[in-house]
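Just so we're on the same page: letters track the sequence lines, and every chain starts at 1.
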Amino acid sequence: MNLEATLTQLVAEAVKSLYGFEAGVNQIQIQKTKKEFDGDLTVVIFPFVKAARKSPEQTGQEIGEFLQKNNSLIANFNVIKGFLNLSISKSYWLDTLNQIHEDAEFGKTPVTDNSELMMIEYSSPNTNKPLHLGHIRNNLLGFSIAEIQKANGWKVVKTNIVNDRGIHICKSMLAWKLFGNGETPESTGMKGDHLVGKYYVVFDKAYKAEIKELMEKGMSEEDAKKSAPLILEAQKMLLGWENNDPEIRQLWETMNGWVYAGFDETYKQMGVDFDKIYYESETYLTGKSEVERGVEEKAFYQRDDKSVWADLTGEGLDEKLLLRADGTSVYMTQDIGTAKLRYNDYPINKMVYVVGNEQNYHFQVLSLLLDKLGFEWGKSLVHFSYGMVELPEGKMKSREGTVVDADDLMAEMIETARETSQELGKLDNCTPEEIEKIARMVGLGSLKYFILKVDPRKNMTFNPKESIDFNGNTGPFIQYTHARIKSVLRKAAESGIEFGKVANTSLEISEKESYLVQLLTEYPAVVRQAGEEFSPALIANYIYDLVKEYNQFYHDFSILKEENEELKRFRLVLSETIAKIIKLGMGLLGIDVPERM
RNA sequence: GGUUCCGUAGCUCAGCUGGAUAGAGCAACGCCCUUCUAAGGCGUGGGUCAUGGGUUCGAAUCCCGUCGGAAUCACCA
């Protein structure tokens, strides 16, 4: 039982014995004591004053005395207004520290055969252009959520649905065919996804030129957009694709192959991965047959023009198209098909979609549709909806060239990390390989942390300059603290100090030190809550708190110079435990922490 | 217009299952490297928690209205 639960019980006993008051669980409020006051934990007295028929101060005093008398856990107490501040005995903190120190899996709920399975979909790129900053937020959130749920005892399957078919891919293909001169990633040295993206832009330019030309001839913009030769040709290509035209299929496979090779590189650099990848080209037909099944089962209906609709007006939404009059599928159809296949492939207990908040409506509808089709988890699917990433100068717009490319950004972060450590002379006695490895950890760590520390639901501003600034609430600050602790531990080991655990648990430690132990005890609760709320930000901010407190501690004491051997050993154990939690916590965010930097 | 989300320091963000004087970082200024890594620490200044009401012993937090901003309401994906 944890400390808070124990205290809740003790307080319940106290008020019952003192005032005959049967307190409900909600009425006993225990919280961390604010820094300005003495004590570790605080009991809010207000709920009991009515039953006690005394002033809050007096009531607090009585409860405090009762607790102290009946339990050795409470070393001391004070009452300020309606708040009873309890000081927990030092030996409790020392015992607790020993326990946390020994537990390599602290804060983790083990995954067993009985664990439920959570499937998490994230990334979900289109194959016509490279990944950008928005995808980075998606990928980092998806990966981190998967790690967090694993730590909470879920079996997790990470999945990716690749949108590999449609008019947008045909645009790239057509432009490459017309203007590409047979360029390949090998011949140009470009990453495959960038090469294909380049031709997507080429298409757009040429298409716009055609529209302009047609408009100058007096055509309306709307008509020009519809009748420009290039778009007609692209549509023809899409039709050819659907009809399995061998030449078009060949080109499609080749160019998608380039893109996948490029994506793999980006994913690897970012440190994310997937257990199972689905492709829309393989799921959209299933979607069609599922929708047809829905028509047969009267869940959906067909209009006179043969188009298929779902009537969601009963659920407070509109009617939703599921198949066009010509029988071709829409986005929703494909998602239904993908869901069906996943359901066949895995015993899914909970399905999570990591997708931007611009699709909130889509997932609201999808949830209802899956439910109508009889998927048990349809209703309880989670749309992990996150906000957009904006730049200081406004939104990212591909047309205006304000998109931040994922590969470029990561490379830039790593480069900056390298330059910074060089300037500071931090890595003078490291090998080039070590320097490279550390620069990568730090550069990517700063990017990841910057993005993950923000509440996912909120839109956020990504300031490239600020993210490369390694001060304050940043990844490098945390990594730096970890590296410094490791450095102390190395020195301690060199001088032959042993610190397996704290032997003398009646040691007098300072308030600051017991507070650090208290912070450590909160880690499992933070992990649990982060899982429930799907919020890596909770973990990020917790670790920052811990690190900030530890840094202050470090400046107050000199560990290795401490004369009292017992105290020195305690501080080494404390430091080592904090380093462990930093590593575990950052691991849940997908961030590596270096041993030195 | 309907629905959903957001509004906290000049800027970027915490805090939101109601509790004490609302916290960090950045930016500005002033200190601290004969001390385990100064990518650090300490200090100073900076707030009508968008706004008006309600609920109560107590509201940044819960409820309602208003004002601002975003997303969405496609036979796009």
Please determine whether a side-chain nitrogen or oxygen atom of [X] lies at a distance below 4.0 Å from atom OP1 or OP2 of [N].
X         : N      : result
Asn471(A) : G40(B) : yes
Lys491(A) : U37(B) : yes
Lys458(A) : G7(B)  : yes
Arg457(A) : A71(B) : no
Ser307(A) : C75(B) : no
Gln364(A) : U3(B)  : no
Tyr480(A) : A38(B) : yes
Lys34(A)  : A20(B) : yes

Is [X] salt-bridged to [Y], cutoff N-O under 4.0 Å?
X         : Y         : result
Lys491(A) : Glu494(A) : no
Glu434(A) : Lys437(A) : no
Glu221(A) : Lys226(A) : no
Lys32(A)  : Glu522(A) : yes

With sugar-phosphate meaning primed atoms plus P, OP1 and OP2, does [X] contact a base, only sugar-phosphate, or nothing at under 4.0 Å between heavy atoms?
X         : result
Thr461(A) : sugar-phosphate
Arg596(A) : base
Glu280(A) : sugar-phosphate
Lys548(A) : sugar-phosphate
Asp305(A) : base
Asp455(A) : sugar-phosphate
Asp326(A) : nothing
Asp164(A) : nothing
Thr42(A)  : base
Ala483(A) : base
Met597(A) : base
Asp556(A) : nothing
Ser421(A) : base
Asn357(A) : sugar-phosphate

Which of these nucleotides, [options], is closest to any side-chain atom of [X]?
X         : options                : answer
Asp469(A) : U72(B), A39(B), A27(B) : A27(B)
Phe46(A)  : U8(B), G40(B), G19(B)  : G19(B)
Glu358(A) : U72(B), U21(B), A70(B) : U72(B)
Arg324(A) : C76(B), G19(B), A39(B) : C76(B)
Asn459(A) : A70(B), G19(B), G41(B) : A70(B)

Rounded to whole angstrom, note down the C1' distance from C26(B) over to A14(B).
14 Å
Would you measure the distance from the C1' atom in G46(B) across to the matching atom in C63(B) and give it in whole Å?
33 Å
Complement of C42(B), any strand, by Watson-Crick or G-U distances under 3.5 angstrom
G30(B)
Taking a pair as Watson-Crick or G-U wobble with both distances under 3.5 Å, which nucleotide is matched to G25(B)?
C11(B)
Under the criterion of centre distance below 5.5 Å and interplanar angle below 30°, is Phe37(A) classified as stacked on the base of A20(B)?
yes
Can you tell me if NZ on Lys512(A) sees more than 12 non-hydrogen neighbours from other groups inside 6.0 Å?
yes
Extract from the structure each pairing of a protein N or O with an N or O of nucleotides 30-34 of chain B at less than 3.5 Å, listing the distance.
none

Is the glycosidic torsion of C63(B) within 90° of 0, making it syn, or is it anti?
anti
Relative to Tyr386(A), does Arg137(A) satisfy both conditions: NZ or CZ under 6.0 angstrom from the six-membered ring centre, and within 45 degrees of the ring's axis?
no
